[in-house]
Structure formats: structure tokens, C-alpha cells
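Each chain gets a letter, A, B and so on, in the order the sequences are listed, and its residues count up from 1.
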Amino acid sequence: MKSVNFNSIDRKWQKEWEKAKVFEVKEDSKKLKYYALAMYPYPSANGLHMGHAFQYVIPDILARFMRMNGCSVLHPMGFDSFGLPAENAAIKEGVHPQKYTDTAIKRFVTQLRTLGISYDWSRVIQSHDPEYYKWNQYFFLEFLKKGLVYRKASGVNYCVKCDSVLANEQVHDGKCWRHKDTNVIIKNLEQWFVKTTKYAEELLKDVDVLDWPERIKAMQRNWIGKSEGAEVMFSINNEKWPVFTTRIDTLFGVTFLVISAQHSRLGELVTKENKKNVDTFLKKIKSTKQEDADKMEKEGVFTGSYAIHPLTGKKIPIWTGNFVVADYGSGVVMAVPAHDARDFEFAKKYGLEIKQVIGCPKDYDWKNGAYTDWGNLVNSSEFNGLKNDEAKQHIVKALESKKLGRFVTQYKLRDWLISRQRYWGTPIPIIYCDDCGAVPVSGKELPVLLPQKVEFGKGNPLLTNDKFLNVKCPKCGKIGKRETDTMDTFMDSSWYYLRFTDPGNTKRPLSPEDVSRWMPVDFYSGGAEHACMHLIYARFFTKALRDLGYVTISEPFTRLFNQGMLHGEDGAVMSKSRGNVIDPLDTTKKYGSDTLRLFLMSVASPDKDFSWSSTGVESMHRFVQKVWNYAHSVNFGKSSSRVEHKMNKGIIEISKEIKSINYNIAVIKLRALFDSFEEEISKYDFGNFLKLLSVFAPHIAEELWNKFIDSKTLISISNWPVADESKINDSIDKAEESFEKTISDIQNILKIVKEKEGKMASHVYLYAIPNEVVLFNIDALSKRLGIEVSVFAVNDKMKFDPENKGGKAKPGRPAIYVV
RNA sequence: GCGGGGGUUCCGGAGUGGUCAAACGGGAUAGCCUCAAGAGCUAUUGUGCUUAGUGCCUUCGGAGGUUCGAAUCCUCCCUCCCGCACCA
């Protein structure tokens with residue numbers, strides 16, 4: 001068989017699609033909309049890797065499927081093109097980030113095209129395009145007006161490698177999300193924040209209705225971290241200090257307070273006599289490395305101050321400790337050692353009082369530590385005997401009447417810090433004036449362009465451009481200084497999916513008609529690493545923009561899909577150092593992109609991790625070639641009723657599997673369907689097969705369609721086949737089943753005969769019930785068995801049946817005699 | 001510690017109450033084809049038993065349970081992966 005140049009076929013159809021603009025989506029109100037999207041990539045100079053290929057083919061199959069099913073499909077691609085690597089390249093190699101980025105994008109686009117993904121390339125978005133980031137600035141100002149953006153001084157996370165502050169979401173295990181070897185340090189700075197906490201409750205509540213992987217939903221709930229409890233006031237030096245607790249029922253068991261060692265007001269509590277001790281302690285904590293801090297034992301020292309218990313009026317010592325988180329609750333905790341494991345450990349260590357206030361079983365062994373289960377109150381004056389839940393109500397009521405406490409809800413979610421001390425991002429549209437303070441740039445002045453001329457490697461590059469830096473105050477006209485921080489690039493990705501609905505709009509960030517036509521995104525695919533970053537921010541943005549009147553939806557992504565991780569052939573993560581990296585372009589060059597697409601979709605369910613397999617790719621390539629060869633050698637005529645049956649059943653089953661993203665199963669069924677084809681087939685049926693195949697292997701499907709079925713139309717925009725159920729005849733499957741079972745029966749007998757008589761039998765006689773004789777084709781049987789076969793009807797008087805086996809025949813199971 | 005997801009026949013990986021000794025792919029073995037290699041085609045690939053065949057046995061991390069019936073449902077345990085983690 002002559003070898004086929006799949007590469008030239010790939011290129012040919014990629015060009016045709018582009019020429020005919022088949023994937024550019026137009027307004028068509030008669031059609032249902034479908035919005036399929038993959039998280040837009042950072043255009044790395046390394047280009048496309050296999051994980052990208054995998055990730056982008058997944059939604060493409062669905063996009064192609066929905067398009068052929070009569071939907072108008074929005075399937076765009078863009079680039080998250082602001083960010084650190086470009087700027088670091090500028091520092092290291094002297095390339096301007098703009099140039100670096102543009103080159104990388106160009107390369108990405110070329111590579112993406114070779115995969116045959118049905119993108120609407122007319123809608124490309126690039127975050128670093130002033131026409132895009134202008135609207136980041138616009139939304140920043142809108143948020144500012146509504147109090148959703150504010151500036152405040154606080155201890156913030158700072159990564160020395162990024163040379164910038166980070167949001168809470170970008171700190172993982174005390175390390176920077178981009179630099180897993182770099183500890184984040186806390187710096188006290190005045191920075192811009194987005195008030196994500198305003199939507200904490202809604203963000204949490206709406207997680208329930210999302211069609212997302214449970215894992216991601218759990219991670220989001222965890223991140224938002226709601227906990228319901230009470231705030232209670234302890235009087236310290238005649239001032240009221242709030243303390244948050246989820247166990248207000250144990251209030252009478254408080255024997256000491258602990259204030260976080262990082263608390264900004266710790267100094268106020270430290271008395272002269274204790275200052276030295278506290279300082280030594282703080283020094284020790286500071287010198288402890290982050291990784292050790294996680295495992296560090298609870299430690300603390302007495303501050304010298306006392307608090308007054310709100311109900312008993314008793315004096316309670318205040319300690320400072322390393323186990324109290326400064327920015328959760330109020331950074332001060334009430335310690336109830338009898339009923340909290342951490343407090344217990346601490347009290348034991350320092351010999352502090354342990355007072356039981358919850359009744360526990362008589363045989364409870366206090367050597368086990370704190371008793372943290374439920375029980376009835378004891379040692380709690382008038383609340384004695386109450387159950388925990390009742391006690392909570394009553395105690396809070398008592399506190400409320402004295403204005404010393406109330407029920408409150410706490411969240412772990414923090415406001416989003418968006419300032420970055422970096423160049424390659426959206427300039428924050430603010431001018432600082434000595435007289436007027438932080439003044440917003442007027443909307444008419446947008447965009448605040450990122451200046452090209454800056455110097456890299458000397459701190460924030462924006463400080464090196466005087467023209468950019470020194471500008472008049474929009475309010476009073478006096479010379480002021482421009483904000484030199486840029487926005488977190490997650491700002492860009494928080495609304496790009498909205499912009500795709502109307503990317504060319506120069507007047508407005510979004511048009512209400514387009515947004516309402518296309519949103520929400522019906523299928524969104526991307527990696528799980530964004531669970532608590534991009535996906536939180538984007539959800540926040542949608543809700544905030546809804547309340548500002550820009551969109552009407554509350555959730556941007558109806559259905560989220562996490563693709564699995566693609567590993568190297570050795571089962572390890574693909575990495576250069578391991579040498580197990582497979583370049584998608586090498587693969588497409590060798591086998592064509594259809595083979596790659598089919599292979600990636602067929603190894604495992606797309607949401608599961610899997611390993612590359614070079615033999616698996618080979619095998620898939622053989623399948624593609626078989627289809628090719630079949631198309632070139634088959635007689636196009638009439639399909640047998642068997643093929644019609646298989647075809648129509650296949651349409652139903654394969655469609656169902658594609659809809660549920662069981663692509664691996666869909667491919668298996670597609671292969672089985674192909675295997676059932678015969679030497680003659682109708683163009684109609686083969687065309688339908690090509691349509692099913694086309695979502696996975698669009699190029700070869702297009703080529704064969706063009707060559708054999710219809711040269712005037714494109715299969716990519718043809719109608720998805722509809723099954724003709726009247727052609728489905730399950731008795732055909734049953735007949736095949738009984739044929740197979742008969743084969744295995746015969747083989748079993750042949751085996752036994754061979755064992756018994758020491759030689760192979762030479763002839764098989766079958767006696768089928770009369771209407772089943774047709775099921776047992778003599779040629780097919782002898783081909784399969786490699787032995788001569790005769791078939792008789794049981795009522796055939798002339799049949800050869802020396803041992804009278806014929807009588808054993810049953811429906812679906814002919815009798816057998818071998819010699 | 002908390003939360004989420006797994007553990008299936010040599011390997012990868014389907015399968016969520018009977019149609020399951022368990023799809024499909026890989027690998028392996030045998031045969032056909034060929035001068036040969038490759039490709040292609042066909043068959044076999046849990047164990048043992050039984051019998052000239054539709055049967056039985058053991059098996060889906062382990063142990064129990066529910067059920068007429070379990071890889072599939074429940075309970076407990078072991079184990080792996082992922083995320084969060086001194087959050088009061």
C-alpha cells in the first residue's frame with residue numbers, strides 16, 4: 001500500500017477551513033448557542049507541549065460535535081500574555097517583553113493550527129494588547145467607584161524572586177506559586193485590593209449549583225473557609241478586644257488568651273518586665289525557616305497583661321504564641337485547654353490552668369488530651385446542664401445584653417491583593433498627588449499605556465521612564481506621580497471569556513447583547529491548579545459585573561472539566577531533565593495530527609491521568625491508515641442490512657459517549673463500527689461514519705468526504721448523522737453472538753478430540769434448526785476454524801449424521817459433530 | 001488532622017446490582033502470508049476441574065454485611081494519589 005502524506009492533507013484542510021471561515025461564528029438567532037472554551041494559555045517561548053495539545057483537543061471535539069448538531073458554536077482562543085517570564089527574559093536576554101511575547105504568540109498560533117482545532121481565529125484576545133488592558137483599567141475604576149477596589153497598608157506576601165507582592169491565593173505552603181523553592185516573606189506595604197470578601201457568602205453558596213468536579217468544588221469551599229461562631233469581647237487595659245470562637249459554649253473554661261506573635265498590636269500588651277522574653281521569642285520565630293515552622297511545636301511566652309473575662313470578671317493571663325494566625329478572626333484566641341487539643345498542649349507545656357466545663361464520660365482519660373466532643377455544661381454557673389447548642393444560644397444572649405458578644409461568621413477568604421511591582425502588566429490608572437492623594441485617571445484618558453522605553457534589571461522598570469512617571473494631577477493640575485505598580489495578571493484572565501463574545505468592541509468592554517447571547521460558558525476546560533486562583537477571581541468578577549449591570553448571569557462557567565495529567569512513557573511527569581518529553585509537533589509530523597488527536601482521546605477517560613505510549617500511537621496510526629485504505633478500495637453501492645444496523649446503532653451510542661466526554665469509549669466504538677464494515681457499503685453510510693470520525697480526525701475525514709462522498713461541501717459543517725431506528729435490528733447482534741458461541745463450542749470440542757485421540761479432526765458438521773441455517777456461513781466458519789465445515793438443517797433427511805447428534809440442536813445453538 | 005479521588009485480570013484502562021472471567025488497547029504466544037524481515041490477517045492469553053460443547057471453581061485492595069444474585073450497594077480496615085492545613 002502506497003504511503004499517504006498525512007501532513008499535506010492536514011495542511012490542505014486547515015487552509016480550506018480558514019479560507020471558507022467555517023469556524024468563524026456569526027449571529028444566528030435561529031440556532032442554539034454553545035460556548036466551548038479552554039483556559040487561555042500563557043504564550044511561553046517554549047511553545048506548545050503535549051499537555052496543551054491534550055487540553056485543547058478535548059473542547060474541540062465537543063465544539064465540532066455541537067456545531068454539526070446545529071448549534072452556533074463559539075470556540076475562541078487567546079493569550080494570557082502579560083506576566084513574569086516575558087519580563088525575566090528581558091532582564092536575562094535583553095529582549096523587550098513586547099517582542100518576546102509577540103514572537104511567542106506567533107509560534108503558538110502556528111503550532112495550534114497544526115492540531116486542526118476549530119477555533120474562531122477572528123476573535124483572538126491578547127491581554128497585553130492596549131485595546132484589551134484598557135478595559136482592565138476601566139473595570140478597576142468602576143470597582144473603585146463602588147468601593148470594590150481600595151488601598152490599604154498591611155502586611156502582605158512578598159516573593160523575592162518575583163520581586164513583587166502576591167495575593168493569598170498565590171502563596172502555596174508558604175512558598176510562591178511560581179517559585180516553589182522561595183519562601184514568601186511578609187512586608188508592610190500600602191497596596192491595592194479587590195474586595196472579593198464582599199462576595200464570600202455568594203461564592204460559597206453557588207458552588208453547590210455548579211456542574212464542576214467535586215474536587216474543585218471542595219477546594220473552593222475550603223478556600224472560602226466559612227465558619228460560624230461568636231465574637232466575644234475581653235476587656236484588656238479598659239479596652240475591648242474581640243476574640244472569635246466556634247465554641248462559645250466553653251466560655252467558662254477560658255483560662256488564658258493567646259495573641260498571635262505576628263499581631264500588629266502585640267506591643268501594647270507586653271509589659272516592661274516581660275519585654276525581654278517576648279523579644280527573644282519573636283526573634284526565634286523569625287529565624288525559623290518556613291518548612292520547620294510547619295512542624296514546630298507550640299510555643300509562647302507570657303506578655304504580662306491580663307484580660308477580664310466578660311461573664312465571670314476573672315483576670316485571665318494573656319500569652320503570645322506561634323500557633324495563632326494573625327489574619328484570621330481577630331488574631332487573638334481564647335484558650336480552653338480542657339476542650340481544645342491545641343490549647344491543651346500549650347497549657348500542659350507551660351503549666352497553665354485546665355478547667356473542665358463540658359461533661360464527659362466518667363472513664364474519660366485526660367491523658368488522651370482535651371475532651372473535644374459534645375456534652376452538657378458543668379462549672380459554667382447558670383448555664384450548667386445545658387447542651388452545647390442550647391448553651392451557645394444562651395451564652396451569646398447573655399453577652400449580647402452586655403454588648404460583649406454576638407454570633408458572627410468568619411471566612412478564610414481574604415481580599416485580593418492586585419498590586420504588582422512589575423512592568424509587564426496592566427498599569428494601574430492612578431496618579432498620586434501631594435494635595436489630592438490617590439486620584440483616578442479619567443475614563444477618557446484610558447488606556448494608560450505601558451511605556452515601551454524602560455530599563456530592566458533595576459527595580460520596577462516603570463520608575464525609569466520620567467515621562468510616564470511624572471504627570472499632572474487630574475484634579476488640581478499640580479505635578480504628581482503615576483502609580484508604578486501594575487495589576488496582577490489574574491485580573492486579565494478574570495473576564496477574558498466575556499470579552500470573547502465581542503472582542504473588537506472599541507467603545508465598550510462588553511456589549512450586553514453579545515454577553516447575554518453567549519454567556520455562560522457551557523464547557524470550560526483547564527487544569528486543577530487554578531481551583532483557588534483564576535476560578536475564584538473569575539467567579540467574583542462575574543458577580544461584581546452583574547451588580548454593576550454589565551452581565552445578567554451570576555456564574556461564568558456552567559460546566560468545568562479538568563483534564564488529566566499527561567505523563568511520559570515511563571509514567572513520570574514529562575520533563576526535560578528526565579528526557580521523556582514528547583513534542584506534539586514531532587508526533588504530528590510523523591503520523592499526522594489525526595493520529596495524535598485520536599490517540600490522546602483514546603488512552604483513558606480524558607479526566608484521568610495517563611502515560612504516553614509510543615506503541616499506542618502506532619496502533620492508532622494503523623487504524624487511520626486502515627480507514628484510508630478501506631475508503632480507497634471499498635465498493636460504494638448498497639450497505640447490507642447488517643452494516644446498516646451497525647451504523648445506526650453506532651450513531652446513537654457514539655453520540656452519547658461524546659456528549660458525556662467519554663471520548664475513549666467513543667473511539668473504541670468507532671473502531672468497532674469500522675471493523676464491522678464489509679466489502680460493499682453505501683456512500684450514505686460511509687459518509688455518516690466519516691462524520692462520526694470527523695470530530696476526532698477532522699483532516700482525514702474531510703479528505704475522504706471530499707474525495708468519495710461530496711466534493712462540494714465540508715464535512716466539518718455538515719449535519720451530524722441522525723440514526724434511522726428502523727434500520728436497527730438487534731437480532732443481527734444476537735445472530736453474531738450465537739455464531740461466536742458456536743465457534744467457541746466447536747473449538748472446545750476440537751480441543752477435547754485432539755487430547756483424546758491425539759490428532760486434529762478434519763471435518764465439522766453443524767446441524768442447525770432450519771431457519772437458523774443462514775446464520776452459519778460455511779466459508780466464514782471454515783475460515784475462522786481452519787477446518788472444513790458442513791452445515792445442515794436438522795430436518796434435512798439427507799444430512800450426514802452417523803452419531804445422531806442432530807437432535808441436540810437448540811435455538812441459537814446448533815448441534816455439532818466432528819470427525 | 002480535614003476534605004476530594006482511587007486500588008480491576010501481565011501492563012494501561014472500561015465497567016456502578018443479573019446479559020461479567022470482566023470491553024478496548026498494549027505486550028506475549030501460536031498459526032497463516034512471505035525467500036526473509038516488516039506490515040497485515042487469525043487464534044490464544046485466571047486457575048483447575050468436567051464433558052465431544054451452553055457447566056463448575058477461584059478472581060475485581062482486605063474482612064464482614066445486605067440481596068434470590070455484588071467488581072458494582074452498606075460497614076469497618078489497609079493502601080495510594082491530590083488539595084488544604086496550628087483557621088480557634
With rounding to whole Å, what would you report as the distance between [N] and [M] at their [atom1] atoms?
{"N": "G15(B)", "M": "G69(B)", "atom1": "P", "answer": "26 Å"}
{"N": "G5(B)", "M": "U9(B)", "atom1": "C1'", "answer": "23 Å"}
{"N": "U19(B)", "M": "U75(B)", "atom1": "P", "answer": "25 Å"}

Nearest-Å distance for atom pair [atom1]/[atom2], residues [X] and [N]:
{"X": "R215(A)", "N": "G3(B)", "atom1": "CZ", "atom2": "C1'", "value": "12 Å"}
{"X": "N664(A)", "N": "C24(B)", "atom1": "CG", "atom2": "P", "value": "14 Å"}
{"X": "K217(A)", "N": "C84(B)", "atom1": "NZ", "atom2": "P", "value": "20 Å"}
{"X": "W212(A)", "N": "G83(B)", "atom1": "CH2", "atom2": "C1'", "value": "15 Å"}
{"X": "E169(A)", "N": "G83(B)", "atom1": "CD", "atom2": "P", "value": "17 Å"}
{"X": "H263(A)", "N": "A88(B)", "atom1": "NE2", "atom2": "C1'", "value": "13 Å"}

| field | Listed nucleotide nearest any side-chain atom of V333(A), set A88(B), G27(B), G83(B) | value | A88(B)
| said: What's the closest nucleotide to the side chain of S605(A) if the choices are C84(B), A14(B), G26(B)? | reply: A14(B)
Test item: side-chain donor near acceptor, [X] and [Y], under 3.5 Å:
{"X": "Y328(A)", "Y": "S227(A)", "answer": "yes"}
{"X": "Q220(A)", "Y": "R539(A)", "answer": "yes"}
{"X": "E569(A)", "Y": "S614(A)", "answer": "yes"}
{"X": "K175(A)", "Y": "N183(A)", "answer": "yes"}

Whether [X] contacts [N] is assessed here as follows: a side-chain N or O lying under 4.0 Å from the phosphate OP1 or OP2. Is that the case?
{"X": "K298(A)", "N": "A88(B)", "answer": "no"}
{"X": "S619(A)", "N": "G26(B)", "answer": "yes"}
{"X": "S613(A)", "N": "G25(B)", "answer": "no"}
{"X": "K608(A)", "N": "A14(B)", "answer": "yes"}

| said: Under 4.0 Å, counting only non-hydrogen atoms across every strand here, what does V324(A) touch: a base, just sugar-phosphate, or nothing? | reply: base
| task | Would you indicate what D609(A) reaches in the nucleic acid, counting non-hydrogen atoms under 4.0 angstrom: base, sugar-phosphate, or nothing? | result | sugar-phosphate
Complementary nucleotide of [N], counting Watson-Crick and G-U pairs under 3.5 Å:
{"N": "A70(B)", "value": "none"}
{"N": "C2(B)", "value": "G83(B)"}
{"N": "C41(B)", "value": "G31(B)"}
{"N": "G25(B)", "value": "C11(B)"}

| request: Quick one: do T197(A) and D415(A) satisfy side chain to side chain donor-acceptor pair (under 3.5 Å)? Show the steps, please. | output: CA-CA 6 Å; T197(A) 52; D415(A) 281 339; 2.6 Å; yes
| field | Test side-chain contact (heavy atoms from CB on, under 4.5 Å) applied to A326(A) - qualifying residues, sequence neighbours left out | value | S260(A), Q262(A)
| request: Could I get the full list of side-chain contact (heavy atoms from CB on, under 4.5 Å) partners for D609(A), not counting sequence neighbours? | output: M565(A), H567(A)
| Identified side chain to side chain donor-acceptor pair (under 3.5 Å) partner of H621(A) from the options T587(A), T595(A), D594(A) | T595(A)
| Interface residues of residues 666-674 of chain A with RNA chain B (non-hydrogen, below 4.0 angstrom) | I668(A)
